[in-house]
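Sequential numbering from 1 along the given sequence is applied to the chain's residues.
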Amino acid sequence: MTTTILAGPACTTMAQVRAGVDALDRDLVALLARRFAYMDAAARIKPMRGAVRDEARKTQVIDQAVAEATRLGIPADAVAAMWETLVEASITYELAAFDQR
């Protein structure tokens, strides 16, 4: 039996909500895998390990996410915290990838 995934506002049961959240979580993990593939590319392209951490770029990435959250009307402070974690995890991942070159 295939569950139809409804948009959040169309949900009338918790089963529908949970099905939508579970589907989105799978999509988010797939998107994260795509993002980490870019970290692999960055580790391959950057000439020096010290170039992995770029605080100006980190700030830019987080600011862009916060601006998009604000535009969409979702909690910008929560997005800022998530992106802080995401960017730091990406840096850690990229450093490990760089060290394996």
Identify the two heavy atoms, one from [X] and one from [Y], that lie closest to each other, and give their separation to 0.1 Å.
X: Ala51; Y: Lys46; value: O-NZ, 3.2 Å
X: Ile5; Y: Ala19; value: CD1-O, 3.5 Å
X: Phe36; Y: Ala89; value: CE2-O, 4.0 Å
X: Arg101; Y: Ala43; value: NH1-O, 2.8 Å
X: Ala10; Y: Gln16; value: O-OE1, 4.4 Å

Query raised in the report: Just wondering, more than 12 heavy atoms not from Met48 lying within 6.0 Å of its CE?
Result: no
Is it the case that one hydrophobic cluster holds both [X] and [Y], taking links as side-chain heavy atoms less than 4.5 Å apart, direct or via other members?
X: Leu32; Y: Val21; value: no
X: Leu86; Y: Met82; value: yes
X: Tyr38; Y: Tyr93; value: yes
X: Val61; Y: Ile74; value: yes

Query raised in the report: Considering only heavy atoms from C-beta outward, does the side chain of Val17 approach that of Thr13 to under 4.5 Å?
Result: no
Query raised in the report: Is there a donor-acceptor pair closer than 3.5 Å between any side-chain N or O of Arg49 and the backbone N or O of Asp99?
Result: no
Report summary line: residues 54-74 vs salt bridge (charged side-chain N to carboxylate O under 4.0 Å, His left out), sequence neighbours excluded, gives Arg53-Glu55, Lys58-Glu84, Lys58-Glu88, Glu68-Arg71
Query - Pairs meeting criterion salt bridge (charged side-chain N to carboxylate O under 4.0 Å, His left out) with involvement of residues 19-45, two or more places apart - result: none
